[in-house]
K.L.:
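Supplied in structure tokens, the structure appears directly below.
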Amino acid sequence: MAARTGNLRPVRGKRKEQSASRSSAGRSPLSRSFLAERDYFDYNLLATVILLTCFGLVMLYSTSAYEAMLESQGDDMSYFRRQAVISVCALLLALVGSQIDYHFLAQFAAPVYWVSVALLIATRFIGREVNGARRWIYFGPVSFQSAELAKLAIILFIPVLIVKMGNRMKGIRAPGIVFAFGILPSFCAYVFTQNLSTALIIAGITAVLIFISHPKTLPFVAGAGIGTVAVTILVVILASLQDETGSFRIQRIQVWLDPESYASLGGYQVMQALYAIGSGGFFGKGLGKSTQKLGSLPEAQNDMIFSIICEELGVFGAALLILLFVFLLYRLFFIAQNAPDLLGALIASGIFIHIAIQVVLNIAVVINLIPTTGITLPFVSYGGTSILFLMGEMALALSVSRQIRFKS
């Protein structure tokens, strides 16, 4: 699984170290120094995270200033200030956390996993309802979304479980056990917090990690095909039902298929997002010049912030943002390929899967390719809990990158 990048090769194993030392014997001190192993730290990943965070803060201020003035008696920076403080603190914590060996952090994978499951269940009973959803636990003035902890917990716990299973992952029983542990927080997120998007993300991370670690491909291809057919049939059946059933999930499918006819049930937000994207053109109206954010697009700073980016910066700005995400994913892929062991490779892969799924689903919702699911855009959308745990994931990825060793 080792990657080859230029003339840099990952050094693994004691035998390679001894071979390198023998081959360098008799060379000049300068040559031996050049051939010596070099510590690695993925500054490219760190720089990309900082760029995405800064871009997100700029767009957050532009998007939320009007609504912040209405809600905070003229303080147009209330959303921006809170997000900026949390982002800076989370980034500093990520830099500190990246210096900790991920093998040490993996020892706490099981406790973090069970705490996340317990918090998902507790949210149903002690959580506070916001905008019709009970997904937040409040500790005084501080709010906490348990679903974000569950994502980080599954990224850390499932790789640990797969490594412990070892060669048993080649069979059927061990992958089934791993999948059951992955489905548990997914089930809790759906049942106790009514958070389908988080349930899908957790299930997706688990399934892809099992796929990566399993030597056979055919069962997964067959399962994906069957699942696609089943979901298609389910969507067709639900779309044919009447909205008098009162199920908001059925209503979301109907809104997705015909937003104009179901404007009062959520189609209004979808249409306003599409108007914002269409009015932006190729280069946009200019930073801060969006009109849809002035009350037309509700909660624009959250799930629909990508539409405001398209309106103000156009297709060009949106493409640059997507390229930043692609480069971020490339660095995570690089770390996964060159990780010193299976645990590090799976942790980096889990982070890659999470970011990829969330970015794709958010953009797909905004352009109405899929029904609305309430998924935020990583590093860009408003949300303190989200940015905190995303930085936690980046700390894990950077910790894995520190264990990579190269020689020229």
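Every value quoted in this text rests on a predicted model; they were computed, and no experiment measured them. Residues take their numbers from the sequence shown, with the count starting at 1.
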K.L.:
Working to the nearest 0.5 Å, report the span between CD1 of I335 and CD of Q337.
P.N.:
11.5 Å
K.L.:
Say whether, by atom type as modelled, one donor and one acceptor occur between the side chain of S116 and the main chain of Y113 under 3.5 angstrom.
P.N.:
yes
K.L.:
Scan side-chain atoms only and decide if S64 and K293 contain a donor-acceptor pair under the 3.5 Å cut-off.
P.N.:
no
K.L.:
Could you walk me through whether S401 and L45 pass side-chain contact (heavy atoms from CB on, under 4.5 Å), step by step?
P.N.:
CA-CA 10 Å; S401 78; L45 175 63; over 6 Å; no
K.L.:
Parallel, tilted or perpendicular for Y61 and F80, by the 30°/60° rule?
P.N.:
perpendicular
K.L.:
Do the side-chain N and O atoms of E311 and S290 include a donor-acceptor pair separated by under 3.5 angstrom?
P.N.:
yes
K.L.:
Under 3.5 Å, which donor-acceptor pairs link side chains of residues 270-280 to any protein atom two or more places apart or in another chain?
P.N.:
from: Q272; atom 1: OE1; to: Q292; atom 2: NE2; distance (Å): 2.4
from: S279; atom 1: OG; to: Y275; atom 2: O; distance (Å): 3.0
from: S279; atom 1: OG; to: A276; atom 2: O; distance (Å): 3.1

K.L.:
In the structure I gave you, are the side-chain heavy atoms of F389 and K151 within less than 4.5 Å of one another anywhere?
P.N.:
no
K.L.:
Salt bridge between K289 and E312, side-chain N to carboxylate O under 4.0 Å?
P.N.:
no
K.L.:
Donor-acceptor pair, R124 side chain versus V191 backbone, under 3.5 Å?
P.N.:
yes
K.L.:
Using atom types as modelled, flag every donor-acceptor pair under 3.5 Å from a side chain in residues 169-185 to any protein atom, sequence neighbours excluded.
P.N.:
none

K.L.:
So, T123 versus T193: side-chain donor-acceptor pair below 3.5 Å or not?
P.N.:
no
K.L.:
Please check if the side chain of S381 supplies one atom and the backbone of T376 the other of a donor-acceptor pair under 3.5 Å.
P.N.:
no
K.L.:
Main chain of M165, side chain of R168: is a donor-acceptor contact present, judged purely on distance under 3.5 Å?
P.N.:
yes
K.L.:
Does any N or O in the side chain of N362 come within less than 3.5 Å of the main-chain N or O of D303, such that one atom is a donor and the other an acceptor?
P.N.:
yes
K.L.:
Tell me whether the rings of Y382 and Y79 are parallel (<30°), tilted (30 to 60°) or perpendicular (>60°).
P.N.:
perpendicular
K.L.:
Just by modelled atom types, is the M59 backbone N or O under 3.5 Å from a matching donor or acceptor in the T63 side chain?
P.N.:
yes
K.L.:
Any chance you could lay out the side-chain contact (heavy atoms from CB on, under 4.5 Å) test for F144 and L119, step after step, and finish with the verdict?
P.N.:
CA-CA 10 Å; F144 171 81; L119 286 174; 3.8 Å; yes
K.L.:
Extract all donor-acceptor atom pairs below 3.5 Å that involve side chains of residues 317-325 and protein atoms in other chains or at least two apart in sequence.
P.N.:
none

